[in-house]
Amino acid sequence: MKQNLIRNFAIIAHIDHGKSTLADRIMEQTQTISARESKAQLLDDMQVEQAHGITVKSRTVRNFYQADNGVEYEYNLIDTPGHVDFTYEVSKSLAASDGAILLVDATQGVQAQTVANLRLAQENHLTILPVINKIDNAAAEVDKTEREIRALSPKLYEAKIYRISAKTGKGVHEVLEAIHQVFPAPSGQTQAPLKALVFDSFYDSFKGVIAYIRIVNGNLKLGQQVKLMAANTAIQNKEIGVFTPSRTATDELTVGDVGYIITGLKDPTSLRVGDTLTDANQPTAEAFPGYKPAQPMVYAGFYPKDDAYRDLELAIEKLSLNDSSFQYVRETSEALGQGFRCSFLGIFHLQIIRERLKDEYGLNVLTTAPNVTYRVHLKDTNEVQIVNNPIAFPGFAKIDYVEEPFSNIRITTDNAVLGDVMKLADAHKGQLTDMGNQAELIVLHYRIPTAEIAYDFFNALKSISHGYATLETEFADYEPADVVKVEVAINYSVVDALSFIVHREDAPAMTQQLVKKLKHTIPRHLYPMPAQAIVEGKSIARVDIPPLRKNAAVNGEKRSISKKQALLRRQSMNKRQAEKSNIKLSQDVFDSILDIS
Ligand code: GTP
């Protein structure tokens, strides 16, 4: 395809505003797929995506569009996720695009993620095509939504705004026409040496690592000798192709094309998204700067069930290749053995990775309570330890002071639930720094400890605002904090994997709740066992986990004295043995900690 006839674009929007539905309509109207195929939202094909009704991974599809002016164009469409935890995926897709359709649901208007994604698109110098969706819906407020979009930026104030129903297809043809009129063609040079951006990757169990690429300069022929510049690795060039939407092999990719290359690499860790693919003999002068690495917010341990350590390791390696914002290192716990300390962009991201391990690799993992990163300043030395694993948190006698991460957050909400939203932020130690209006919504800015928003904050916000309030988060800095490590001892022995970090002032109430929950989640034994929460060597909460059977010492059954004594002797022997025995920890036990945080 001639370079001036190619258009590379992404669809960006707030969650559920209809990106995937519009992508399906575009593929249908360009005859890339049939109406029958599009029934099942072809792009959201991962099991987790169908279960949650959302997009997790970006997708790429090549379409040919026969325009009204008689010219055939190549439209490379990149579908992107909308949830706040997947912003990183969005920024990768945008680096491979020249334009972005900004899609806004007419029943909801401009929302926080609309603004955040628009900002990302503007940072990448993309041309924006504003589109209002769901005009068929009885609750649609089209004029109001249009005013909100115009208020977003001076360029949008003057732009033509399209009105569509992605569901019925109304207005989609006009958008297809606008794409070739408004978006620029790719600007690279055909004669220059090959320079392609690796913007995503995937691990195929038969073919190994597959890199998703956009050709920026030059062209890529099948079999040509190529290399990855940052990794400095020569790779094989066994198959190249495009997405239709399934992988379809071709002989050549030229400037502006978006496609894939099968690299022949078997090790999923050997390719990094953001790398530059170039000709091995005639490399391009300058590589791409690479992506800003994702900023992890939450850490948790993943441990295999059923001795499947090696399987878990392979699955984690592959998932982290497919989702470069998910990282891991090996770790060991006394209670759980060998596992992995993993980092995530948020708690929902953690949940999705856990589900993908189950859906795609058949693996159940034990997940420890999540935590953020602390900077621990040690007494007597100037050493600062970066701790993202409570097991490694230094003993309190060694600590001078601790710093915890803070975030700047932006909550967009409507007036009706403002009071409840502010109460929630207050309860999570948020300090209000600014308050303003955006269209008819209220925008609140808070400075808040990252740990306070890392777990359930997003869900609580959604629940009190009936799904409408939105949250944007950004790491701010570290600040000294009075935090302590809580250790949990079952039957007088500390279970390292159950340790967690909290603010000192919250420790008494939280540990009381925790031990109550442990009473129901720790498996019972033949003897009573105490569960204790310990802070700085002192037990601050305790509960006795009752034994499985009735206790001879307390039950009122009629027995002969000698029988009763024999029973008591047996029970006390069991108890002594139990002090050394291992407690089997189920996921429920770890969830007890998560529930109270
Ligand atoms: P994420 O990928 O999770 O961010 O969501 P999305 O933006 O891709 O939204 P999706 O296409 O999955 O649509 C969300 C919901 O809105 C679905 O139930 C769609 O059927 C519905 N929907 C999408 N477009 C329209 C429309 O034009 N009219 C109406 N009435 N509903 C629509």
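Values below: all heavy atoms of this structure, side chains included; hydrogens, waters and symmetry mates excluded. Computed from a predicted structure; not experimentally measured. Atoms within a ligand are numbered from 1 in the order they appear, just like the ligands themselves.
- Here N133 has side-chain heavy atoms under 4.0 Å from ligand 1, and that is the only part of it that gets that close.
- Applying the 4.0 Å criterion to heavy atoms of S20 picks out, from ligand 1, the atoms 2 (O), 6 (P), 8 (O), 11 (O).
- Residue D136 approaches ligand 1 through these ligand atoms, each under 4.0 Å from one of its heavy atoms: 26 (C), 27 (O), 28 (N), 29 (C), 30 (N).
- Without hydrogens or angle criteria, N124 side chain to L126 main chain gives no donor-acceptor distance under 3.5 Å.
- For the pair D136/K170, no side-chain contact is recorded, criterion being any heavy-atom separation below 4.5 Å from C-beta on.
- Taking the six-membered ring for Trp, Y212 and F243 have ring centres closer than 6.0 Å.
- Residues T413 and L418 are in side-chain contact: their nearest non-hydrogen atoms beyond the backbone lie under 4.5 Å apart.
- Of all the listed residues (K134, K167, K19), K134 holds the heavy atom that lies closest to atom 22 (N) of ligand 1.
- Figure legend: R341 and Y299 shown without cation-pi pairing, the cationic atom not lying both under 6.0 angstrom from the six-membered ring centre and within 45 degrees of its axis.
- Contacts between H17 and ligand 1 below 4.0 angstrom, taking non-hydrogen atoms only, involve the backbone exclusively.
- Between I135 and ligand 1, no N or O atom pair is found at a separation short of 3.5 Å.
- Counting only non-hydrogen atoms, the option in D16, I12, I11 that gets closest to atom 5 (O) of ligand 1 is D16.
- Here's the thing with A166: one of its N/O atoms is less than 3.5 angstrom from an N/O atom of ligand 1.
- Taking the six-membered ring wherever Trp is involved, the centroid distance between the rings of F326 and F340 does not fall below 6.0 Å.
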